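First comes the structure, then the notes that go with it.
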Amino acid sequence: MIVSDESLKHTESRLRQQFGLSLEEAKEYLKVSIERKIRRQFGKTIKEAEPHEIYYALSRTILDYSIESWYNTTRNYNEKQVKQVYYFSAEFLMGRYMGNNLMNLQIYEEIKEVLKDLNIDINIIEDSEPDPGLGNGGLGRLAACFLDSLATLKMPGHGYGIRYKYGMFQQKIENGYQMEYPDDWLKYGDPWSIKRLDRVYDIKFGGEVEVHKDEVGKEYYKRMNTETINAIAYDAPILGYGTETVNTLRLWEAKSPQGFDLQLFNDQKYLEASASAVKAEDLSRVLYPNDTERSGKELRLKQQYFFVSASLQDIVRKYKEKYGNVFSGFADKIAIQLNDTHPVVAIPELMRIFLDSEKISWVEAWEICQKVFSYTNHTVLAEALEKWDINIFSSLLPRVYQIIEEINRRFMTEISKKYPEDWAKQQRMSIIGNGEVRMAWLAIVGTHAINGVAAIHTEILKHQTLKDWYELYPEKFQNKTNGVTQRRWLLKANPELAGYITSLIGSEWVTDLSELKKLEKYIEDDNVLNKLLEIKHKKKQDLAEYIKENNNIEVNIDSIFDVQVKRLHEYKRQLLNVFHIMDLYNKIKENPLLEIVPRTFIFGAKAAPGYRRAKSIIKLINAVAEKVNNDPEINDKIKVIFIEDYKVSLAEKIIPAADVSEQISTAGKEASGTGNMKLMMNGAMTLGTLDGANIEIVEEAGEENNFIFGLKADEVERLNLYGKSNPLEEYHVVEGLKKVIDQLVDGTYYDNHRGLFKELHASLLNGVEGGKPDQYYVLKDFASYRATQTRLQNTYKDKRKWAQMMLMNIANSGKFSSDRTIKEYAKDIWNISSFE
Ligand SMILES: *Cc1c(COP(=O)(O)O)cnc(C)c1O
């Protein structure tokens, strides 16, 4: 090992203090506890137990160990009546809990020793934990990083979402095609959550709205003949790093209140007897696997309302317990962040609770709502802005729909005064229009703050996508550049690098990432530079072993590990990356003596199951891999690896091993990106466009330490608006490009006559289904991308220079901690601070 065990143990154990025991006694205590749990739960001795059984018992032991702090945190918040923040999100991409929780409790090393004494390898136990994938990608992972930062910063912030029975599908590559399998993450139970049968709410759908009068003759509305579904809470602890703070992630499961119809059962109608229960439970059965695409399906709206209504009922109940029925202070005690438009139905739902249950006046209720809620926009892609057909909406949620109509009526009155002559504008801004409810508009009207997730993204919102709205409410718009938690993405994922950094500058960076700046002083220190290369080499070796095991391919550890891991989407342009590989392959075939630095191109990406073109691109990557990897003439100069089932636990393996971070979206399309940040802090160079947070990465680390290419956002915008951009030009003019494009259809790469590559070809050169040809400018950016790839490989030859660039990227990644992001939300939007 490069890094001594000593430097890994940069945090002192808290086991001893916690139990008031000696280390030996504490270990003994843990051993006994794990053994007893295995015995009770599985009827086995520890020797007989499977890894996942040991995982379960150990996790329950650690949960026991944290339960006191959890209880105390909740009690302290209540007693001191501090303002609480609730992060509403349809997705929480948490990744594995166990290792992360051990690390945040700072007892990882001790537990490792305890297991070792029992002849158990902690890595095997960690690997047996299913990776809870209750999210699609960046948006869900951001929610998870935020929870980690909130708890670490000792801030009273909690998550509310859905406990999907099946998370993101499991991806397998069969014959080069993506196949989807259910992700049964609860198969062996979930030791990290506690079912709360004392926290159950009725969620009502359908029926009619009736007007009633109360004692004093005041009218109020009541929902009748509804279908009721129960929401049951499951709580998971969110442990701060090195603090006593334990916040809560509360996820709702759907259950039928009737359960089982005994009458039908007795009549021997067995299937019918459980039909209504099954239908109710459909609600939390599965995560929609679409990233940045709205589905418009009724079940999806039901899911959204289900978790939002349960969460709000829960919040209002807690508020009343603490503060009674006086709601004037509600917004001083509660803030709710809406993660994208998915939970925006919370705005009219809280109005409904205030109006119909709490009998508050419209004006007062509306003022509270605007103060409580704030909204984060995650994308400018038109296909992502949620809109609901008013027929679906009003029959599913008749009372909520009425309230939206009233919100809109009042809003339209306001803007018709403001823009009396501008009918077009009034129509554009109406919350209900074209037979649809526009959730983003509702979010803007019903909140006090709207934020984008990177500087460029917020500017695009203000001046393009949401221009009308910025004009109307300039004071509501803010930027909050995303971040990631360095605890999971550096300390946990890369203990070798983390330990080495700590040996150089101390461990403050774990909770204050700006400390990394101190690394800059080693820029001329050959010892340090060599060590960085050595650690990278070690992580590449680890990944190579995984690839050998899973893909049965040997990769060259001294090659450049060129990594693109993220959801598969046309705007992310995996296609640009593949075209470069195809071109490189052609060049080597034409000239087998061609001198290149060996490369390993690594992909990881899931495509939405219904996104045909994205799936074609996966097939293409695998077809190219098949050809290149098995061509003896290539002599192992390049290898193409598609790692199946990209998810958080795999990201933790892949990212520390990357030399190059591919962030090559069409400029203006990637709102922020967070993968780019994880890769930067692990010493990978960004090869990217000036898009999303890449711009800020380059601002921090210096353009000279990264590889920037391609069209800029304003150039793309101009081409979109006025351009006579003709991809045929590049096709004919750019050397080698025609050959690559032609290879899609000349039989070089084989797609079993399914016409997939032909369709890709047409989408680039002709445009299909009314789309513009090459609408993501793959051809237009190809030459620039290839030239930059060449520059990159030449830079890589100078190992010292490369190590210096790595150092500069790591040292300047401080801004991209989600701790920084959360502090900004806390100060500018939520008005909360750390709770001591
Ligand atoms: C960070 C992360 C993402 C987001 O990656 P981008 O490159 O920002 O799109 C997606 N999936 C997983 C599993 C992640 O960890």
Side-chain angles (χ1 to χ4, degrees), residues 89 91-96 100 130-148 167-171 183 185 287 289-293 339-340 378-379 381 384 453-454 456-457 481-490 492-494 562-574 576-577 602-608 614 643-658 660-666 669-682 684 686-689 691-697 813 816-818 821:
S89 180
E91 304 186 8
F92 285 92
L93 193 50
M94 299 299 285
R96 289 176 176 154
N100 200 256
D131 186 335
L134 309 187
N136 272 285
L139 173 149
R141 184 54 228 173
L142 184 75
C145 284
F146 279 3
L147 292 183
D148 183 78
M168 191 61 202
F169 65 83
Q170 192 196 346
Q171 179 195 54
D183 161 46
W185 71 286
L287 168 81
N290 297 329
D291 193 51
T292 71
E293 196 179 50
N339 196 22
D340 214 293
H378 283 273
T379 170
L381 300 183
V453 289
I456 183 185
H457 169 58
T481 298
N482 282 168
V484 301
T485 170
Q486 67 269 32
R487 268 82 60 188
R488 185 177 288 264
W489 296 110
L490 188 47
K492 179 81 185 80
N494 198 342
D562 185 327
V563 170
Q564 188 171 20
V565 285
K566 49 185 70 252
R567 285 302 289 264
L568 210 137
H569 201 292
E570 287 167 276
Y571 85 80
K572 291 179 183 278
R573 296 200 296 191
Q574 279 91 354
L576 183 56
N577 190 343
I602 296 168
F603 292 87
K606 287 178 183 171
I643 299 183
E644 64 184 9
D645 205 31
Y646 183 58
K647 56 186 169 184
V648 172
S649 51
L650 270 178
E652 290 172 34
K653 281 198 177 65
I654 298 168
I655 288 171
V660 178
S661 161
E662 298 263 2
Q663 307 299 337
I664 58 179
S665 52
T666 312
K669 296 289 182 200
E670 186 76 271
S672 164
T674 49
N676 47 4
M677 302 168 183
K678 302 166 196 167
L679 283 148
M680 178 196 196
M681 61 181 69
N682 279 280
T686 300
L687 165 55
T689 48
D691 198 17
N694 297 352
I695 296 176
E696 290 159 76
I697 284 175
S813 63
F816 305 105
S817 166
S818 47
T821 316

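Computed from a prediction, not measured in an experiment: that's the story for all the values here. Whatever order the structure lists them in is the order used to number ligands and atoms, beginning at 1. Residues: numbered from 1 along the sequence shown.
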For A144 and F92, the nearest pair of non-hydrogen atoms, with its separation, is N-CD2, 4.5 Å
_Please determine whether side-chain hydrogen bond (donor to acceptor under 3.5 Å, both in side chains) holds for the pair Q171 and Y646, giving the CA-CA distance in whole Å, both sets of side-chain angles, and the decisive distance to 0.1 Å._
CA-CA 8 Å; Q171 179 195 54; Y646 183 58; over 6 Å; no
Numbered in order shown, the ligand 1 atoms found under 4.0 Å of a heavy atom of G673 are 8 (O)
among protein heavy atoms, the one nearest atom 5 (O) of ligand 1 is G675 N, 3.8 Å
Between F816 and the options T674, N676, I697, N482, the side chain to side chain contact (heavy atoms under 4.5 Å, CB included) test singles out I697
Report yes if some N/O of N676 lies less than 3.5 Å from some N/O of ligand 1; otherwise report no. no
Closest to atom 1 (C) of ligand 1 by heavy-atom distance, out of M168, K678, R141, Q663, is K678
Check: Is there a nitrogen or oxygen of V648 sitting under 3.5 Å from a nitrogen or oxygen of ligand 1?
Finding: no
query: Counting both backbone and side chain atoms, is some N or O of K566 under 3.5 Å from an N or O of ligand 1?
result: yes
Notebook entry, point to check: Could D148 and R487 be called an ion pair, given the rule that one side-chain N must be under 4.0 Å from one carboxylate O?
Noted result: yes
Original post:
Going through the checks in order, is the side-chain hydrogen bond (donor to acceptor under 3.5 Å, both in side chains) test met by Q663 and N694?
Top reply: CA-CA 8 Å; Q663 307 299 337; N694 297 352; 5.5 Å; no
shortest atom 11 (N) of ligand 1-to-protein heavy-atom contact is with Y646 CE2, 3.6 Å
Within 4.0 Å of some non-hydrogen atom of W489, the atoms of ligand 1 are 15 (O)
In ligand 1, the atoms that come under 4.0 Å of a heavy atom of G137 are 10 (C), 11 (N)
Are any of the N/O atoms in K572 less than 3.5 Å from those in ligand 1?
yes
Ligand 1 to G138, heavy atom cutoff 4.0 Å, flagged ligand atoms 3 (C), 4 (C), 10 (C)
With distance as the sole test, does Q574 use its side chain to make a donor-acceptor pair with the main-chain N or O of R567 at under 3.5 Å? yes
Residues N494 and P656: closest non-hydrogen pair is ND2-CB, 3.5 Å
The protein heavy atom nearest to atom 8 (O) of ligand 1 is T674 N, 2.8 Å
Between the side chains of Q486 and S817, is a donor N or O closer than 3.5 angstrom to an acceptor N or O?
yes
What one should report as the nearest heavy-atom pair of G483 and C145 is O-CB, 4.3 Å
Counting heavy atoms under 4.0 Å, the part of R567 that contacts ligand 1 is neither
